[in-house]
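One structure below.
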Amino acid sequence: MILWLRQAPGAPLAVSDVDVKAPKKTVHCDGRADFVGVVTTNGEAGTLRYLWIRSDNREPLEQEQQVSSGDTSVDLPLHWKVTGPGSFKGTATLRVLSPTTTGKPIQDKASFTYKC
């Protein structure tokens with residue numbers, strides 16, 4: 001007698017939360033603001049589609065990140081180089097387009113201060 005075992009496919013990848021962490025200190029002349037978006041998933045494998053949206057009106061590019069089975073947290077970095085004199089508040093928003101548990105984009109944002 002031969003017994004065949006079939007493993008049921010797992011649930012599809014889904015994102016339940018996004019948390020953006022900003023630089024803790026003021027960014028000074030010709031510095032770099034390093035953001036990290038922490039995306040919480042259900043631990044299934046798949047592809048995340050996301051955008052980093054910056055307050056300096058730079059055109060956001062849709063990006064993809066492969067997620068391995070078992071990964072319940074994924075870090076998505078953004079490195080924002082700032083040059084020149086002046087001061088301003090910069091905000092970066094991480095918008096996860098898919099897949100989300102609600103079917104709608106999930107996002108979070110954080111800000112930094114630049115002084116030169």
Mind running salt bridge (Lys or Arg N to Asp or Glu O under 4.0 Å) on Arg54 and Asp56 for me, showing each step along the way? CA-CA 5 Å; Arg54 294 172 24 166; Asp56 63 353; 2.5 Å; yes

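- Crowding of Lys89 atom NZ: a count of heavy atoms from other residues, nucleotides or ligands under 6.0 Å not exceeding 12.
- The shortest distance between side-chain heavy atoms of Tyr114 and Thr26 does not fall below 4.5 Å.
- The CD atom of Glu64 sits 8.0 Å away from the OG atom of Ser98 when rounded to the nearest 0.5 Å.
- Residue pairs meeting the side chain to side chain donor-acceptor pair (under 3.5 Å) criterion with at least one partner in residues 33-43, sequence neighbours excluded, are Arg32-Asp34, Asp34-His79.
- Rounded to the nearest 0.5 angstrom, Ser111 OG and Phe35 CZ are separated by 6.5 Å.
- Connection of Trp52 to Leu97 is not established within any shared hydrophobic cluster, with ILVMFWY side chains joined at heavy-atom distances below 4.5 Å, either directly or through further cluster members.
- Checking Gln66 against Thr47 by side-chain atom types alone, a donor-acceptor pair falls below 3.5 Å.
- Taking both residues in full, the closest heavy atoms of Gly84 and Asp30 are given as N-OD1, 3.2 Å, listed atom of the first, atom of the second, then distance.
- To the nearest 0.5 Å, atoms OG (Ser69) and CD (Glu44) are separated by 5.5 Å.
- For the pair Ala110 and Ala22, the tightest heavy-atom approach, listed with the atom from each and the gap, is CB-CB, 3.5 Å.
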Step by step, work out the side-chain contact (heavy atoms from CB on, under 4.5 Å) result for Tyr50 and Leu76. CA-CA 9 Å; Tyr50 67 96; Leu76 302 174; 3.8 Å; yes

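- Between Val96 and Val39, the closest side-chain pair of non-hydrogen atoms falls below 4.5 Å.
- Linking Ile, Leu, Val, Met, Phe, Trp and Tyr residues whenever their side-chain heavy atoms come within less than 4.5 Å places Leu78 and Val15 in a single cluster.
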Just do the side-chain contact (heavy atoms from CB on, under 4.5 Å) check on Arg49 and Gln63 with the steps written out, would you? CA-CA 6 Å; Arg49 289 182 34 246; Gln63 299 178 63; over 6 Å; no

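- Interatomic distance, CD1 of Ile53 versus NZ of Lys109, reported as 10.5 Å (0.5 Å rounding).
- Val74 and Leu13 end up in the same hydrophobic cluster when Ile, Leu, Val, Met, Phe, Trp and Tyr side chains are linked at under 4.5 Å.
- With rounding to the nearest 0.5 Å, the separation of CG in Leu94 from CD1 in Ile106 is 10.5 Å.
- Checking Thr91 against Ser55 by side-chain atom types alone, no donor-acceptor pair falls below 3.5 Å.
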Test side-chain contact (heavy atoms from CB on, under 4.5 Å) applied to Gln107 and Val20, step by step: CA-CA 9 Å; Gln107 66 184 33; Val20 175; over 6 Å; no

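- In this structure, Phe112 and Trp80 have perpendicular ring planes: the angle between them is above 60°, well past the 30° mark.
- Between Leu48 and Pro99, some side-chain heavy-atom pair lies under the 4.5 Å cut-off.
- Looking at Ser87, its side chain never comes within 3.5 Å of a backbone N or O of Lys115 through a donor-acceptor pair.
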